[in-house]
Amino acid sequence: MTRVIKFTKMHGAGNDYIYVNTLKYPIESPEKLSVEWSAPHTGIGSDGLVLIGSSDKADFSMRIFNADGSEAKMCGNASRCIGKYLYEYGLTSQTAVTLDTLSGIKILKLHVEDGKVNTVTVDMGRPADMKEQPIEANGQKFTGTTVSMGNPHLVIFVEDIKDINLESIGPKLENHPLFPDRINVEFAQVLEHGKIRMRVWERGSGITQACGTGACATAVAAALTGKSGRKTDIIMDGGSLTIEWDEKTDHVWMTGGAVRVFDGEVIINDEL
Ligand SMILES: N[C@H](CCC[C@H](N)C(=O)O)C(=O)O
């Protein structure tokens with residue numbers, strides 16, 4: 001049997017995923033397809049696969065799979081891209097959308113100009129499990145702060161981010177015995193008040209150009225350790241996000257861009 005699955009490639013600050021509207025194109029084995037499609041040379045090339053679906057608790061649902069096929073509970077950059085997708089493909093005409101994720105319901109605020117959604121603000125909820133701790137990898141000693149933004153992060157502030165060999169140390173920290181569920185790793189450097197440079201090694205996807213939950217975790221860790229105030233711009237390899245940790249509600253707000261790269265279709269011929 002031949003089946004066609006339409007998809008859209010989108011990115012948020014360079015963190016790129018393949019988006020499928022499962023209301024139209026149901027997907028049976030997303031873990032396997034995420035591995036196949038994410039591969040840069042033999043697939044479409046992406047940081048993972050994101051499924052947009054229905055929900056009985058919210059307007060829509062999101063599922064996110066890393067490039068290694070593992071499922072994450074939340075994705076900041078994908079949540080903004082979904083906001084753009086829903087509005088521009090006519091699945092909603094609302095500018096406030098609720099999104100059901102494995103880490104709870106998130107609220108998207110779409111900023112619409114001339115019928116297009118270029119930026120989205122997401123209420124990312126409360127940070128949790130914050131803990132400062134020493135950690136060692138590759139013979140180097142660091143102090144890290146763990147922060148959960150629905151998914152787990154380890155944020156490490158350094159004097160000069162250029163000294164960090166992320167490709168070598170990232171996987172060691174991701175798989176450190178302290179974190180049996182593995183962890184997303186952020187190295188960060190304070191540039192000036194309210195501006196932090198950050199690079200990320202993502203659990204299940206490796207180096208990515210940006211990470212929305214990672215940017216939130218970095219801003220929270222900076223505020224907790226007195227390195228910044230409540231509002232910070234996080235500058236990553238592929239772009240910047242503005243993160244505000246609201247004192248009254250304890251919720252973290254993330255604002256940034258969402259970009260559609262192209263639409264495509266995959267033709268699956270089960271008989272071949
Ligand atoms: N890039 C995503 C997070 C993916 C997290 C995933 N790598 C995991 O928790 O396993 C973001 O923008 O928030």
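As the structure lists them, so they are numbered: ligands from 1, and atoms in each ligand from 1.
Using a 4.5 Å heavy-atom threshold, the side chains of D59 and Q94 count as touching.
Of the heavy atoms in N184, only side-chain atoms (C-beta onward) come closer than 4.0 Å to ligand 1. Residue N15 touches ligand 1 through its side chain alone, judged by heavy-atom distances below 4.0 Å. With a 4.0 Å heavy-atom cut-off, ligand 1 is reached by no atom of W201.
A salt bridge links R199 with D237: at least one charged nitrogen is closer than 4.0 Å to a carboxylate oxygen. Taking a cutoff of 4.0 Å between a charged side-chain nitrogen and a carboxylate oxygen, R203 and E174 do not qualify as a salt bridge.
Ranking protein heavy atoms by distance to atom 2 (C) of ligand 1, first place goes to C75 SG, 3.0 Å. The protein heavy atom nearest to atom 10 (O) of ligand 1 is R203 NE, 2.7 Å. Given atom 4 (C) of ligand 1, the protein heavy atom at minimum distance is E202 OE1, 3.2 Å. Of the protein's non-hydrogen atoms, N66 OD1, 3.2 Å is the one closest to atom 6 (C) of ligand 1. Residue, atom and distance of the protein heavy atom nearest to atom 12 (O) of ligand 1 are G212 N, 2.6 Å.
With rounding to the nearest 0.5 angstrom, the OG1 atom of T143 is 6.5 Å from the CD atom of E132. Distance check, rounded to the nearest 0.5 Å: CG of L86 to OG1 of T92 gives 6.5 Å.
Residue T213 approaches ligand 1 through these ligand atoms, each under 4.0 Å from one of its heavy atoms: 3 (C), 11 (C), 12 (O), 13 (O). Close approach of ligand 1 to N151 is summarised as follows: ligand atoms under 4.0 Å from at least one heavy atom of the residue are 3 (C), 5 (C), 9 (O). Proximity to G76 (heavy-atom distance under 4.0 Å) selects the following atoms of ligand 1: 11 (C), 12 (O), 13 (O). Those atoms of ligand 1 with a heavy atom of Y17 less than 4.0 angstrom away are 1 (N), 2 (C), 4 (C). Listed by atom number, the atoms of ligand 1 under 4.0 Å from A72 heavy atoms are 6 (C), 8 (C), 9 (O), 10 (O). Each of the following atoms of ligand 1 lies closer than 4.0 Å to a heavy atom of N77: 11 (C), 12 (O).
Residue C211 places no N or O, backbone or side chain, under 3.5 Å from any N or O of ligand 1. Of the N or O atoms in P152, none lie within a sub-3.5 Å distance of an N or O in ligand 1.
Between F7 and W37, the two ring planes are tilted [angle within 30° to 60°].
Around NZ of K227, the count of heavy atoms belonging to other residues, nucleotides or ligands within 6.0 Å exceeds 12.
Checked against the 6.0 Å centroid criterion, the rings of Y17 and F65 do not qualify as a close aromatic pair.
At least one cation-pi condition fails for K6 and Y25: the charged atom is not both under 6.0 angstrom from the six-membered ring centre and inside a 45 degree cone around its axis.
A side-chain donor-acceptor contact under 3.5 Å links T242 and D233.
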